[in-house]
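Report on the following structure.
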2 protein chains.
Amino acid sequence: MPRRSGVTIRDVAQRAGVSITAVSHALNDKGTLSPATRERVRKAAAELGYRADVVARALRESRMGALGLVIRPLDALGDYLPSGVDYFTRLSGAAAHAAADLGLSLMLVPDLTRSPHSPLALSLDGYIVTDPVIDDPIVTMLLERDLPMVTVGRDPQRSERIPWVATDDTGDTLRMLRTLASGGAERIAFVAGTDENSWNLDAIEAYHSWCAENGIEPVLLRVPEAAGEDGGREAAARLWAGDAPEAVYCLTGRHAAGIMRALRERGLRVPEDVEIAAASDSEHTRSAGITALDMRPSALARAAVTLLDAVTRDDPRAAELQGTLIEGAVIPRSSTRGTA
Amino acid sequence: MPRRSGVTIRDVAQRAGVSITAVSHALNDKGTLSPATRERVRKAAAELGYRADVVARALRESRMGALGLVIRPLDALGDYLPSGVDYFTRLSGAAAHAAADLGLSLMLVPDLTRSPHSPLALSLDGYIVTDPVIDDPIVTMLLERDLPMVTVGRDPQRSERIPWVATDDTGDTLRMLRTLASGGAERIAFVAGTDENSWNLDAIEAYHSWCAENGIEPVLLRVPEAAGEDGGREAAARLWAGDAPEAVYCLTGRHAAGIMRALRERGLRVPEDVEIAAASDSEHTRSAGITALDMRPSALARAAVTLLDAVTRDDPRAAELQGTLIEGAVIPRSSTRGTA
DNA sequence: AGTCTTGTATAAAACGTTTTATCACAGTAG
DNA sequence: CTACTGTGATAAAACGTTTTATACAAGACT
């Protein structure tokens with residue numbers, strides 16, 4: 001019996017010479033008790049080191065005190081992970097801390113679509129789903145069961161129905177494009193990923209509207225996220241096959257690193273001949289000296305946890321928190337010339 | 001009431017026309033029921049989509065079906081994380097999957113020493129503590145409360161009392177030293193971290209015994225893990241102040257990368273003039289082309305989860321699993337000359 | 001005919017809380 | 001003296017399981 005700390009509400013009641021009801025009321029500031037009794041109970045509880053059993057409380061209140069974190073990009077990969085991705089450690093670590101600050105626990109929920117999932121997996125108070133794609137089966141499942149949920153990154157099609165927080169993809173994209181432009185580049189190519197999540201979709205849209213506004217012919221390439229640096233090299237080959245761009249903005253850091261390498265091999269100088277920037281900071285961009293965005297996963301996680309907590313307790317503040325955009329911070333490095 | 005799927009054991013009982021006891025027995029293969037009744041109950045349960053409520057079950061059985069993961073190196077850092085560290089994502093992701101395979105959930109447990117921890121935090125069936133240091137307060141706390149626990153990496157002083165699994169630090173160190181020696185290096189310096197965990201301590205001991213065996217004067221430097229690349233540069237300065245080594249073996253990848261950079265600045269060629277290797281593979285070693293060890297975090301996590309599960313259910317197999325060593329895999333890169 | 005088995009099925013207790021409804025009592029007003 | 005109004009406390013129900021002990025019948029043995 002690992003869970004039981006041994007001391008129950010009954011022990012406290014006995015010690016304080018009152019009923020268990022009195023104990024419950026005293027400790028939760030409910031009911032009508034004289035201040036004297038309240039104090040006596042508190043003292044007894046403290047002396048015994050009493051902590052109400054979570055499970056019993058959960059059974060009664062139908063509230064677990066725990067949130068689930070579903071990291072979609074990880075589910076896709078099984079238990080192996082592409083190297084260099086520290087984003088998710090930062091995100092989940094921050095989420096766990098933010099949850100703890102609210103007196104909640106955070107559970108890592110691995111792929112819910114696999115048939116026998118662990119028992120607790122669907123019994124939590126609410127779920128954070130990161131980067132859902134179009135028609136994401138997990139989102140569908142949670143919606144069907146009517147379980148509270150927020151997404152990190154909008155659900156591309158159902159964002160009206162599901163509260164979300166996200167990186168400010170539109171703003172970030174424009175900011176980065178302006179940074180590149182301020183370095184003198186005019187023809188700026190854009191390399192996005194192929195996953196159908198809001199991160200890709202919103203940035204692409206922002207790029208198009210920026211091009212339209214500035215009278216620039218858009219040059220868009222989509223490269224699978226999983227293609228890594230090689231995908232970047234290939235993108236470079238295709239971009240430089242035609243009218244060479246003066247700058248390239250990549251969403252994925254590894255693509256950017258691959259492009260950089262390919263260009264160097266062609267004898268092009270960065271940033272003198274070409275500027276390069278990436279939307280997500282990772283070890284690749286850091287070690288290659290590529291200007292990138294810090295997407296601030298810990299701020300994002302904190303916002304998501306706060307929102308979900310409000311949602312689960314029908315707190316009206318949920319309305320304000322919904323749609324929070326976390327602005328990325330440009331980290332200027334040697335691959336760009338301009339100022340932000 | 002988010003948890004309740006709505007359908008309880010009573011509904012099933014009614015539908016099948018039996019008592020709730022019968023339902024429980026039928027579904028758990030207990031008691032004495034006729035095969036016919038068993039089948040009838042199963043059918044009714046299936047039709048209603050009944051799943052026993054985890055919380056109610058946990059209350060009765062005092063077993064949650066959930067394990068806690070405590071990542072000590074992360075606790076030290078709060079919710080911000082040094083960049084480039086993907087080891088822990090891989091570890092926790094793999095642990096979550098391994099737990100799921102056993103029908104268990106995995107909870108991320110942030111720093112238990114902070115006073116108001118989340119309620120569930122101390123109510124789980126067992127705990128995995130990674131890389132405990134000497135006199136680790138978390139380990140002490142769990143021991144005091146008599147909660148089942150395993151460590152990843154031995155507890156330096158209490159390993160007799162606490163089941164553990166670990167990387168094969170001794171074997172890995174020797175293997176890597178031999179790799180470096182096979183490239184022709186004789187004077188091999190060793191750079192370890194300052195945390196007092198078994199990873200550092202065991203590797204240092206292995207280094208010393210290897211030196212003794214081969215009649216080599218040990219050159220050991222300890223650099224704080226948090227010092228990162230700058231720590232590496234400084235280490236290089238100190239190492240090359242005296243009798244220059246022919247090879248350097250670093251436990252931490254970032255130290256190795258810093259050393260490499262510093263040496264290049266001094267005009268030394270790697271691997272022609274100096275060989276460099278690291279014990280932990282990270283983006284730093286990958287991008288700098290430094291030979292390193294893949295510590296196989298997913299194998300490690302799986303071993304830890306399996307062991308902990310055995311421990312919590314008093315399974316005798318725990319004895320066999322205890323002390324499992326996971327051998328690292330050398331990833332040869334251009335910073336070394338020899339063959340493994 | 002009574003007494004054991006044997007095979008099925010269930011009633012009820014227990015797990016540790018929270019909450020609702022009720023109770024006892026003192027003081028106050030009519 | 002009765003009736004009401006608070007005030008302070010508690011008994012008991014409920015949450016959804018699992019398990020222990022018991023009940024009931026039908027057949028098998030003395």
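Given the structure is predicted, the values throughout are model-derived calculations rather than measurements. Hydrogens, waters and symmetry mates play no part in the numbers below; they use all other heavy atoms, side chains included. Every chain is numbered from 1, with letters handed out A, B, ... down the list of sequences.
Between the CG atom of A:Leu59 and the C1' atom of C:dT19 there is a distance of 14 Å, given to the nearest Å.
For A:Asp314, the salt bridge (Lys or Arg N to Asp or Glu O under 4.0 Å) test picks out no residue, with sequence neighbours left out. The salt bridge (Lys or Arg N to Asp or Glu O under 4.0 Å) check on A:Lys43 picks up A:Glu47, with sequence neighbours excluded. Checked against salt bridge (Lys or Arg N to Asp or Glu O under 4.0 Å), A:Arg158 has the following partners two or more places apart in sequence or in another chain: A:Asp155. Annotation: salt bridge (Lys or Arg N to Asp or Glu O under 4.0 Å) contacts of A:Asp315 (sequence neighbours excluded): A:Arg317. Residues passing the side-chain contact (heavy atoms from CB on, under 4.5 Å) test with A:Pro110 are B:Ala96, B:His97, B:Ala100, sequence neighbours excluded.
Each end of the helix from C:dA1-D:dT30 to C:dG30-D:dC1 yields a helix axis from five base pairs, and these two axes differ in direction by 90° (to the nearest 10 degrees).
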Legend entry - Contact pattern, 5' to 3', of nucleotides 4-10 of chain D - B, S or - by protein heavy atom under 4.0 Å: ----BBB
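Of the candidate nucleotides D:dT17, C:dT19, D:dT19, D:dT17 has the atom lying nearest to any side-chain atom of B:Ala52.
Each side chain to side chain donor-acceptor pair (under 3.5 Å) pair with one or both residues in residues 126-136 of chain B, not counting sequence neighbours, appears once here: B:Arg72-B:Asp136.
Applying the 3.5 Å distance criterion, the base of C:dT18 shares a donor-acceptor pair with the side chain of A:Arg60.
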Show the atom names and distances, to 0.1 Å, of all donor-acceptor pairs under 3.5 Å that link a side chain in residues 18-28 of chain A to residues at least two apart or in another chain.
unit_1, atom_1, unit_2, atom_2, d
A:Ser19, OG, A:Thr21, N, 3.4
A:Ser19, OG, A:Ala22, N, 3.2
A:Asn28, ND2, A:Ser24, O, 3.1

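For A:Glu196, the CD atom sits in a packed shell: over 12 heavy atoms of surrounding residues, nucleotides or ligands are nearer than 6.0 Å.
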